[in-house]
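What follows is a set of notes on a single structure, which appears directly below.
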Amino acid sequence: MESSETFPKIISVDDHTVEPPHVWRDRLPSKYRDIGPRVVRAPLKEMTFLGGKFAPVMGEKGDEGPIGDWWVYEDLHRPLTRLDTAVGYGRDEIKLEVITYEQMRPGSFSVPDRLADMDVNHVQSAVCFPTFPRFCGQTFTEARDRELGLLGVRAYNDWMVEEWCGPDAGGRLIPLTLIPLWDAELAAAEVRRNAARGVRAVAFSEIPPHLGLPSIHTDAWDPFLAACDETGTVIAMHIGSSSRMPSTSADAPPAVGSTITFANCCFSMVDWLMSGKFERFPGLKIMYAEGQIGWIPYILERADVVWEENRGWGGVADKVHRPPSELFASHVHGCFFDDAFGLRNLDSIGVGNVLYETDYPHSDSTWPKSREVGEAQMGHLDPEVVSRIVRGNAITLLGLSEAGLWPGP
């Protein structure tokens, strides 16, 4: 890289939105507004995050304890935390604590402020995963009222397309929608509804059985997969989208899980490569957000060996007819924000299979130095390769304009 001015404008395929309080209040039928997702300001009674399990308890009005804004929905009480929106704070200031909207950076939930923060970070366009619905809409899947859950999913998608990625965003925010995970036919219909208005990415769980859902080795998801295949909708899986972050023991500190967050992506990718789905649905594309890429070469090597030597007794000979590494090259994208090792081994991954991200506004985010991190880690690469990683692959995968903007509905 010659200078900062020559580093391509970034298209981040993994950022996050913190939904403003009005999302469901304004979009649900009136009979549901008092029981649908809503924000309540209340004290924190207790909160732990051990063994990969986040366990907050909301206090009653008047109780002692730090005050935060909580999303309330059926039996769920989910606080906003500093980990949801940590940018602008020093690393040592980022703790597991409840916060209010006033205590977070406005770019977390405000479109104009988000665009300004993207400008600061050399980011042109961004795909944003949800916060309250969790990374693939598990919140609505776990709810008892399925009718309200479906309305909640659709309301989120309408807000995402019409408001978050609406005209005020100028094509710089790229929509990522949700599906009702409990019904593959309804999911397929929602994919097609959103594809008709230009959406090219949908969130999904990295390991559905962790959510009590069928695995991708069954036929249960085929209607959903067919809809994605037919519409060119990319299946985007974020770490933690199985509601279970990797850990080792019930008392393991969060640092253990933070070190091995890639593991769910690793397990998930092997699932997909050995499922036969890429051959049944040849246009299907998947991507792993925040999973990094340095682990991919060994997994591909091992998967090819298993396919070559053990596919007879391994249960895949009748459905996986090509080496897994070939399937990866045609169907899978890894996403990273800080992975010097992976970039040194890019030839073993594939230039066309790698995407860049900034993870704004999470605690791992490289904001406001995503360009500097990229320059430092990609300095050994040809400018054409850097351009593909930083923006070109995303443009192709997500059907963006040549300028890297979402064309809109």
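Everything quoted here is computed from the prediction, not taken from an experiment.
- Separating the CG atom in L346 from the CE atom in M378 is a distance of 9.5 Å, to the nearest 0.5 Å.
- In this structure, T233 OG1 and L398 CG are separated by 10.5 Å, a value rounded to the nearest 0.5 Å.
- Under the 3.5 Å distance criterion, the side-chain polar atoms of W70 are matched with a main-chain donor or acceptor of A42.
- Of the N and O atoms on the side chains of S268 and Y288, at least one donor lies less than 3.5 Å from an acceptor on the other residue.
- With hydrogens and angles ignored, the 3.5 Å screen pairs a side-chain donor or acceptor of D183 with a backbone N or O of L186.
- At most 12 non-hydrogen atoms from other residues, nucleotides or ligands lie less than 6.0 angstrom from NZ of K45.
- A salt bridge is defined here as a Lys NZ or Arg NE, NH1 or NH2 lying under 4.0 Å from an Asp or Glu carboxylate O, and E190 with R154 meets this definition.
- Residues W182 and L150 have side chains in contact (heavy-atom distance under 4.5 Å, counting atoms from C-beta outward).
- A donor-acceptor contact closer than 3.5 angstrom links the side chains of T85 and S108.
- Q124 contributes a side-chain N or O that, together with a main-chain N or O of A403, makes up a donor-acceptor pair within less than 3.5 Å.
- For the pair H77 (side chain) and D75 (backbone), a donor-acceptor distance under 3.5 Å is present.
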### Query
Could you walk me through whether R192 and E230 pass the salt bridge (charged side-chain N to carboxylate O under 4.0 Å, His left out) check?
CA-CA 9 Å; R192 292 189 172 96; E230 292 164 13; 2.7 Å; yes
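- In this structure, R82 does not pair ionically with E93, as no charged nitrogen and carboxylate oxygen lie closer than 4.0 Å.
- A donor-acceptor pair under 3.5 Å links the side-chain atoms of R33 to the main chain of R25, judged by distance alone.
- Using modelled atom types, no side-chain atom of Q138 and backbone atom of L211 make a donor-acceptor pair closer than 3.5 Å.
- Residues Y360 and D117 have side chains that bring a donor and an acceptor to within less than 3.5 angstrom of each other.
- The aromatic rings of F135 and H16 sit tilted relative to each other, their planes meeting at an angle between 30° and 60°.
- When all heavy atoms of P133 and P130 are compared, the closest pair comes out as CD-CB, 3.7 Å.
- The distance from atom CD1 of I216 to atom CZ of F204, rounded to the nearest 0.5 Å, is 7.5 Å.
- Counting non-hydrogen atoms of other residues, nucleotides and ligands closer than 6.0 Å to CG of D347 gives a total of 12 or fewer.
- Screening T131, V72, T139 for a side chain to side chain contact (heavy atoms under 4.5 Å, CB included) with R78, the sole residue that qualifies is T131.
- Atoms OG and CG, from S110 and D168 in turn, are 9.5 Å apart once rounded to the nearest 0.5 Å.
- Ring geometry for F224 against W221 counts as perpendicular: the plane angle is over 60°, on a 0 to 90° scale with 30° as the lower cut.
- For K369, the NZ atom is loosely surrounded, since the number of other residues' heavy atoms within 6.0 Å does not exceed 12.
- Atom-to-atom distance recorded for C265:SG and H238:NE2 is 8.5 Å, nearest 0.5 angstrom.
- Side-chain contact, H22 with E163: a donor N or O sits under 3.5 Å from an acceptor N or O.
- Counting all heavy atoms, side chain and backbone alike, H331 lies closest to P282 at CE1-O, 3.1 Å.
- Between W24 and F140, the ring-plane angle classifies as tilted under the 30° and 60° cut-offs.
- In this structure, I293 CD1 and N353 CG are separated by 10.0 Å, a value rounded to the nearest 0.5 Å.
- Salt bridge D119/R172: present, at least one basic N to carboxylate O contact under 4.0 Å.
- Between the S241 side chain and the S205 main chain, no donor and acceptor come within less than 3.5 Å of each other.
- Taking the ring centroids of F337 and Y356, they lie at or beyond the 6.0 Å cut-off.
- Of the charged side-chain nitrogens involved, at least one lies within less than 4.0 Å of a carboxylate oxygen, so that D222 and R280 count as a salt-bridged pair.
- D338 and Q377 are linked by a side-chain donor-acceptor pair at a separation below 3.5 angstrom, with hydrogens and angles left out of the test.
- No donor-acceptor pair under 3.5 Å is formed between the side chain of D15 and the backbone N or O of F129.
- Taking the charged nitrogens against the carboxylate oxygens, R193 and D158 do have a contact shorter than 4.0 Å, which makes a salt bridge.
- Within the 3.5 Å criterion, the main-chain N or O of S242 finds a donor-acceptor partner in the side chain of E206.
- The closest donor-acceptor contact from the side chain of E357 to the backbone of E290 lies under 3.5 Å.
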